[in-house]
Amino acid sequence: MIDPEKLMRLAIEKAREGLDAGQSPFGCAIARGDELLAVEHNTVVASIDITAHAEVNALRVACKNADAIILADCVVATTCEPCPMCMAALHWARVSRVYYGASIADAEEAGFNELQVPAADVLKIGRSKVILEANLLSDECRELFQLWKQRPDKVVY
């Protein structure tokens with residue numbers, strides 16, 4: 001199994017690539033056992049698609065690579081707490097575990113228009129079996145917001 005910290009470091013690196021491409025500071029990696037299925041960043045601005053969050057992009061690639069819509073036994077590392085849309089998508093894909101670094105509050109503090117619905121609440125209300133684990137490499141993940149805030153070309157949404 002790919003170590004969750006290693007998986008998060010891949011997500012962080014992908015988020016940095018996204019920042020370099022003018023995107024926002026979010027990255028996500030998905031693995032099944034030792035197989036890396038996807039590592040993607042947010043492409044909302046580039047694709048002009050408000051749903052093109054890192055988790056959604058990673059799920060699309062992982063599902064294609066797995067040739068399946070159900071990603072049971074998959075582990076996800078995402079640089080920020082999943083928004084309600086992303087948490088629902090991860091639930092529907094039936095991933096087993098989601099690790100995240102920064103919080104929704106961190107994203108809002110950076111200027112993003114966040115819904116203040118914690119991912120844990122989405123899972124609880126939906127009676128989901130997905131296991132959610134917070135604060136994996138959270139300082140490194142929060143640093144992505146600082147890098148983003150320094151960009152003169154950043155797009156706030």
Side-chain angles (χ1 to χ4, degrees), residues 1-104 106-107 110 112 114 119 122-123 128-151 153-155 157:
M1 180 177 132
I2 297 176
D3 177 67
E5 191 171 302
K6 180 179 179 182
L7 199 61
M8 183 63 85
R9 292 198 185 284
L10 292 170
I12 291 168
E13 182 57 34
K14 186 55 82 168
R16 288 178 182 274
E17 288 177 27
L19 282 168
D20 290 344
Q23 299 305 297
S24 51
F26 302 95
C28 181
I30 301 176
R32 180 174 52 201
D34 291 332
E35 181 184 12
L36 184 63
L37 293 176
V39 184
E40 299 297 321
H41 63 74
N42 185 302
T43 58
V44 167
V45 175
S47 63
I48 312 172
D49 178 357
I50 202 67
T51 68
H53 292 196
E55 297 92 339
V56 171
N57 290 341
L59 281 169
R60 288 175 179 151
V61 171
C63 286
K64 284 186 182 184
N65 286 337
D67 195 29
I69 59 170
I70 304 301
L71 299 175
D73 301 323
C74 284
V75 173
V76 176
T78 185
T79 59
C80 188
E81 181 178 357
C83 72
M85 174 186 71
C86 292
M87 196 66 256
L90 292 162
H91 161 79
W92 290 323
R94 297 186 191 143
V95 300
S96 62
R97 189 175 299 262
V98 175
Y99 294 91
Y100 69 88
S103 69
I104 289 174
D106 295 322
F112 288 91
E114 294 298 320
V122 172
L123 295 176
S128 181
K129 294 179 181 173
V130 175
I131 298 167
L132 187 65
E133 301 208 26
N135 301 314
L136 181 61
L137 301 178
S138 56
D139 289 340
E140 291 92 330
C141 292
R142 280 192 293 272
E143 181 184 323
L144 295 167
F145 290 122
Q146 297 309 312
L147 294 171
W148 180 79
K149 285 167 63 172
Q150 295 169 11
R151 297 189 62 87
D153 61 342
K154 68 182 172 292
V155 177
Y157 54 88

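In this structure the side chain of D139 reaches within 4.5 angstrom of the side chain of R142, judged on heavy atoms. A 4.5 Å side-chain heavy-atom check between L7 and L36 finds at least one atom pair inside the cut-off. The closest side-chain heavy-atom distance from S96 to V75 is below 4.5 Å. You'll find the side chain of C28 reaches within 4.5 Å of the side chain of V76, heavy atoms only. Taking 4.5 Å as the limit, some side-chain heavy atom of R16 sits within range of a side-chain heavy atom of E143. The shortest side-chain heavy-atom distance between C86 and V56 falls under the 4.5 Å cut-off. At a threshold of 4.5 Å between non-hydrogen side-chain atoms, the residues M8 and C141 count as touching.
To the nearest 0.5 Å, the span separating CG on L59 from CD on E55 amounts to 8.0 Å. Between L144 atom CG and F26 atom CZ the span is 9.0 Å, to the nearest 0.5 Å. Rounding to the nearest 0.5 Å places CZ of F145 at 6.0 Å from CG of D106. Here T79 contributes atom OG1 and H41 contributes atom NE2; the two are 11.5 Å apart, rounded to the nearest 0.5 Å. The line from NZ of K154 to CZ of F112 is 9.5 Å long, rounded to the nearest 0.5 Å. Going from atom NE2 of H53 over to atom OG1 of T43 covers 9.5 Å, rounded to the nearest 0.5 Å.
Proximity of a side-chain donor or acceptor of E5 to a complementary backbone N or O of L136 within less than 3.5 Å is not detected. A donor-acceptor pair is defined here as one N or O able to donate and one able to accept, closer than 3.5 Å; no such pair exists between the side chain of N135 and the backbone of S138. Between the side chain of R97 and the backbone N or O of E133 there is no donor-acceptor pair closer than 3.5 Å. With hydrogens and angles disregarded, no donor-acceptor distance shorter than 3.5 Å links the side chain of D20 to the backbone of E17.
Ionic pairing of E13 and R9 is not present here: no N-O contact between side-chain nitrogen and carboxylate oxygen is shorter than 4.0 angstrom.
Pairing each heavy atom of A77 with each of P4, the nearest pair is CB-O, 4.4 Å. Smallest separation of non-hydrogen atoms from C74 and R32: SG-CB, 3.6 Å. For the pair C83 and E114, the tightest heavy-atom approach, listed with the atom from each and the gap, is CB-OE1, 4.4 Å. Closest approach of I70 to W92, counting heavy atoms only: CD1-O, 3.9 Å. What you find for L19 and S24 is that their closest heavy atoms are CD2-C, 4.2 Å. Smallest separation of non-hydrogen atoms from A38 and A62: CB-N, 3.7 Å.
For L147, the CG atom is densely surrounded, since the number of other residues' heavy atoms within 6.0 Å is greater than 12. Other residues, nucleotides and ligands contribute only 12 or fewer heavy atoms inside 6.0 Å of the CD1 atom of I48. Heavy-atom neighbours of D67 CG from other residues, nucleotides or ligands within 6.0 Å: at or below the threshold of 12.
Applying the side chain to side chain donor-acceptor pair (under 3.5 Å) criterion to D49, with sequence neighbours excluded, gives T51.
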With side chain to side chain contact (heavy atoms under 4.5 Å, CB included) as the test, would you mind laying out the steps for M87 and L132 before giving the verdict? CA-CA 10 Å; M87 196 66 256; L132 187 65; 4.2 Å; yes
